[in-house]
Trainee: 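If you scroll down you'll find the structure; I have some questions about it.
Atom set for the values below is all heavy atoms of this structure, side chains included, hydrogens, waters and symmetry mates excluded. Each residue takes its place number in the sequence, starting with 1.
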Amino acid sequence: MSWSGDGLWTLTLNIRKDDLKCYGYRVMEGSTVKRVEWEDHCSSPAPVIRDFWIDPPAGCPFVRKHQAPQFDRPGFRGAGTAIPVFSLRTRDDFGIGDFRDLHPLVDWAAATGQTVIQLLPVNDTTRKGEWKDSYPYSPVSSFALHPLYLRLQDIGVEEDEDFRREQAELNSLPELDYPRVFKAKTARIRKAYAQRGEKDLRTAACRKFLKENAFWLDEYASFSASRDGLDEDLYRWIQFHLDKQFSEEVSYARSKGVHFKGDLPIGVSADSVEASFHPQLFNLDSTAGAPPDFFSQDGQNWGFPTYNWESMACDGYSWWKSRLRVMSRYFDAFRIDHILGFFRIWEIPAGEKSGKAGHFNPALPYRPEELEGLPTEGLFHSDPRNPGMLQPLISPDTSELDPTLKQRFDSLWEDFFFRRNNAFWKQNAEKKLSELLTATGMLACGEDLGMIPDCVPEVMNKWRILSLEMPMMDKGRPWPHLSVCTSSSHDVQTLREQFADSHSGEDPAPWQIRRILSGILASDSILAILPLQDWLALSAKLRNSDPRAERINQPADPNHHWRWRLHLPLEEMSADTPLSTEVCSLIKDSNRFNY
């Protein structure tokens, strides 16, 4: 563009008038997006187009338009519920929650004035149908939906005597029996495909879906067929029906003013479709994890490879943008799992198990001359991405150092983890996030708990990424307006367990739960999204008799089985007027009701 004076920039394009339908402007500094317009321009054919930069409307706190208009309304404050799909329970499912179970949950959310339903990742994790596959943050595809979330009756599975018998057995279990459910549902899905798959694949709707999703679906179908020794079209057919069922529930929810919030896993598995077909996008010689923290004294090793961001940048992060665009079909908001991974990742050499063996990538390690006089054994380790340079160990042994050397090392350690890399990590994250956040209209929320450098809140605030706030992980400052607050999460104890830990094992009464939730809902956070277990704790009648049975995940246990299900059907919960009245009252009192 050329500066024309008087506040005007001009641009001449060699393009057919009819081809210019939508366009927008960005302010760039080098390769980093510094500022974006509120929304794109729509153009009618004309030899000369005159327009102006579009700023956000008055009173809106965001820098870009979202696909859910409620989020952009000045003064908006909303409430919602968080629950994994696999944890839902209705009388019509088959031992595991499915996409159709979202329907009664949406009705309950709408009736109580809620705006958001937050889900855990819904991508396919299928390997062998064993307990390991129950982990939702280890998908084999970043695009494909999980086959177990199909409603069997909707794909032509007959509800005969055998179906009803096994359905009753599986639905009577207090928890999800993943291997058993996988075997039972997979057999019926394959039988349904044999009976109607060929006919379905010929329909106009199915052909349209296959064409629009070929860029990921063909690789996924080939990958899955090779794994199982079956027909590729089986997996295309399954994904067609999953998309149909989920999309119908999404449309229904939006019609009720309720929006789904998805979860974007930070990692992609080494045995995934993406790693198989696009290995250049990953560092397959390392795994990602987390240093020792609140969740685990030994750190965490998540087992999936780190990203090769340099390779991803070569085509403008097209894989990430495609992934987010597919996600935005179903979700109007999303949680960025471990947003720190976009600044730097805790990288563990392949073969190491402990998170303590990791290092930051990228980072500005120390040159040997900067450490002159300091021993390195037990204090530093080599940076594999920067040969000849050193990073401090996250858990160093300083017991043998004399006071002067210890003071010097402590200063270097503190500087490295909290100051030295700040500007570098900030620049690193902005290059990626500024591109990815403008790819869709989803509202972005970041999981920013743990050891957070100062550059993280700076970038999140600039791009209006909502932070995550929770009483048990206080950050030492008031909760900002641009945040999602909650009482607990899938990684920590439920509210009742937290209360018991601090009150000599006492189970809180509903009135005590109400007082705690009222305080959280009254916060300035733009969204308050509470786990369904904590909403149910308001009812002495409906709450689980054993609060210890409601925790979803144990982050310190790499072999944890994800098996929690609601202890009662959603139909029973929704029909309970006292609970709905209580939830509705809390939401209205906190000025979060979705009228």
Side-chain angles (χ1 to χ4, degrees), residues 22 40 64-68 84-85 98-99 102 116-126 136-150 205-224 232 235-254 259-269 272-278 281-282 304 307 312 315-337 341-342 432-433 435-445:
C22 251
D40 286 338
R64 56 194 177 85
K65 189 176 183 179
H66 295 107
Q67 58 196 42
V85 172
D98 62 40
F99 287 137
L102 293 168
V116 174
I117 292 174
Q118 179 175 313
L119 307 175
L120 290 190
V122 293
N123 297 104
D124 188 6
T125 60
T126 300
Y137 289 92
S138 183
V140 297
S141 169
S142 296
F143 297 89
L145 299 171
H146 205 304
L148 291 188
Y149 296 155
L150 273 176
C206 189
R207 291 200 309 270
K208 182 175 183 287
F209 174 80
L210 301 186
K211 181 179 179 180
E212 291 176 350
N213 294 276
F215 68 95
W216 65 266
L217 185 55
D218 289 348
E219 292 175 353
Y220 168 76
S222 172
F223 174 91
S224 301
E232 288 187 14
Y235 305 94
R236 295 185 177 93
W237 177 81
I238 289 172
Q239 290 301 313
F240 164 68
H241 280 287
L242 282 163
D243 174 77
K244 182 177 184 294
Q245 292 184 17
F246 195 14
S247 294
E248 287 174 357
E249 299 310 322
V250 169
S251 295
Y252 179 72
R254 286 170 175 162
H259 303 276
F260 289 118
K261 178 185 175 189
D263 199 326
L264 183 74
I266 186 59
V268 173
S269 303
S272 66
V273 177
E274 286 80 15
S276 298
F277 283 88
H278 308 282
L281 300 181
F282 308 94
F304 50 74
Y307 293 117
M312 290 178 162
D315 63 359
Y317 308 101
S318 64
W319 176 79
W320 274 101
K321 291 176 180 177
S322 295
R323 183 182 182 188
L324 288 168
R325 286 173 186 138
V326 169
M327 194 175 182
S328 69
R329 296 178 192 168
Y330 315 114
F331 301 106
D332 294 316
F334 72 114
R335 170 187 179 270
I336 304 174
D337 175 41
F342 289 90
K432 308 163 192 170
L433 290 172
E435 290 281 353
L436 305 188
L437 292 172
T438 54
T440 75
M442 290 189 291
L443 174 67
C445 314

Trainee: When you measure from the side chain of Asp124 to the backbone N and O of Ser141, does any donor-acceptor pair fall under 3.5 Å?
Mentor: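 Between the backbone of Ser141 and the side chain of Asp124 there is no qualifying donor-acceptor contact (under 3.5 Å).
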Trainee: Which atoms form the tightest heavy-atom contact between Pro139 and Asn123, and what is the distance?
Mentor: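 The pair with the smallest heavy-atom distance is CB-CB, 3.8 Å.
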Trainee: Phe240 and Tyr235: aromatic ring centres closer than 6.0 Å?
Mentor: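 No, too far apart.
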Trainee: Please report the C-alpha distance between Leu443 and Asp332 in whole Å, then the side-chain angles of each, then the deciding distance to 0.1 Å, and finally whether the side chain to side chain contact (heavy atoms under 4.5 Å, CB included) criterion is met.
Mentor: CA-CA 6 Å; Leu443 174 67; Asp332 294 316; over 6 Å; no
Trainee: Check whether any side-chain N or O of Gln67 sits under 3.5 Å from a backbone N or O of Phe331 as a donor-acceptor pair, and report yes or no.
Mentor: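 Looks like yes, one N/O pair under 3.5 Å.
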Trainee: According to salt bridge (Lys or Arg N to Asp or Glu O under 4.0 Å), who are the partners of Glu435, at least two apart in sequence or on a separate chain?
Mentor: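 Glu435: salt bridge (Lys or Arg N to Asp or Glu O under 4.0 Å) contacts with Arg26, Lys321.
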Trainee: Report the distance from atom CG of Leu264 to atom OG of Ser142, rounding to the nearest 0.5 Å.
Mentor: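 These two atoms lie 8.0 Å from each other.
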Trainee: Just by modelled atom types, is the Leu437 backbone N or O under 3.5 Å from a matching donor or acceptor in the Arg64 side chain?
Mentor: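 Indeed, once roles are kept as given, a pair shorter than 3.5 Å links the two residues.
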Trainee: Between Ser251 and Ser247 (side chain of the first, backbone of the second, donor and acceptor by atom type, cut-off under 3.5 Å), is there such a pair?
Mentor: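 Pair found, side chain donor or acceptor close to backbone of Ser247.
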Trainee: If the condition is salt bridge (Lys or Arg N to Asp or Glu O under 4.0 Å), which residues does Asp263 pass it with, not counting sequence neighbours?
Mentor: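 With sequence neighbours excluded, Asp263 shows a salt bridge (Lys or Arg N to Asp or Glu O under 4.0 Å) to Arg335, given in chain and number order.
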Trainee: Using the rule given for side chain to side chain donor-acceptor pair (under 3.5 Å), can you reason through Glu219 versus His278, listing the C-alpha separation, both sets of side-chain angles and the distance that settles it, and then say yes or no?
Mentor: CA-CA 10 Å; Glu219 292 175 353; His278 308 282; 3.1 Å; yes
Trainee: Could you pull out the closest heavy-atom pair between Met312 and Trp320, with the gap in Å?
Mentor: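 Looking at all heavy atoms of both residues, the shortest contact is SD-NE1, 3.3 Å.
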Trainee: Going by an N to O cut-off under 4.0 Å, is there a salt bridge joining Asp40 and Lys65?
Mentor: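 The answer is no: the pair does not qualify as a salt bridge.
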Trainee: What are the two closest non-hydrogen atoms of Pro265 and Pro121, and how far apart are they?
Mentor: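 The answer is CG-CG, 3.7 Å.
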Trainee: Can we call the ring centroids of Phe223 and Trp216 under 6.0 Å apart?
Mentor: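 When the ring centroids of Phe223 and Trp216 are compared, they turn out to be at least 6.0 Å apart.
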Trainee: Quick one: CZ on Phe282 to CD on Glu274, what's the gap to the nearest 0.5 Å?
Mentor: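 Separation between the atoms: 6.0 Å.
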Trainee: To the nearest 0.5 Å, how far apart are NZ in Lys211 and SG in Cys206?
Mentor: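 Rounded to the nearest 0.5 Å, the NZ-SG separation comes out at 14.0 Å.
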Trainee: Does a donor on one side chain sit under 3.5 Å from an acceptor on the other, for Ser138 and Ser269?
Mentor: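 Indeed, the side chains of Ser138 and Ser269 share at least one donor-acceptor pair under 3.5 Å.
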Trainee: Quick check for you: to the nearest 0.5 Å, what is the distance between Gln239 atom CD and Tyr220 atom OH?
Mentor: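 Between Gln239 CD and Tyr220 OH, I get 4.5 Å after rounding to 0.5 Å.
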Trainee: Testing the basics here: between Phe304 and Val268, what is the closest heavy-atom pair and its distance to 0.1 Å?
Mentor: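 Nearest heavy atoms, Phe304 then Val268: CB-O, 3.2 Å.
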Trainee: If I compare all heavy atoms of Leu145 with all of Asp243, which pair ends up nearest, and what's the gap?
Mentor: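 Looking at all heavy atoms of both residues, the closest pair is CD1-N, 4.0 Å.
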Trainee: Shortest non-hydrogen contact from Thr126 to His146?
Mentor: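 Closest approach of Thr126 to His146, heavy atoms only: OG1-CE1, 3.9 Å.
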Trainee: Starting at NE2 of His259, measure out to CE of Met442 and round the result to the nearest 0.5 Å.
Mentor: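 CE of Met442 is found 14.0 Å from NE2 of His259.
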Trainee: Do the side chain of Ser222 and the main chain of Asp218 share a donor and acceptor less than 3.5 angstrom apart?
Mentor: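 Between the backbone of Asp218 and the side chain of Ser222 there is no qualifying donor-acceptor contact (under 3.5 Å).
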Trainee: In Å and rounded to the nearest 0.5 Å, what is the CE to CZ distance from Met327 to Phe334?
Mentor: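 If we round to the nearest 0.5 Å, Met327:CE and Phe334:CZ are 6.5 Å apart.
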Trainee: If you apply the rule side chain to side chain contact (heavy atoms under 4.5 Å, CB included), what do you find for Gln245 with Leu150, and how did you get there?
Mentor: CA-CA 7 Å; Gln245 292 184 17; Leu150 273 176; 3.6 Å; yes
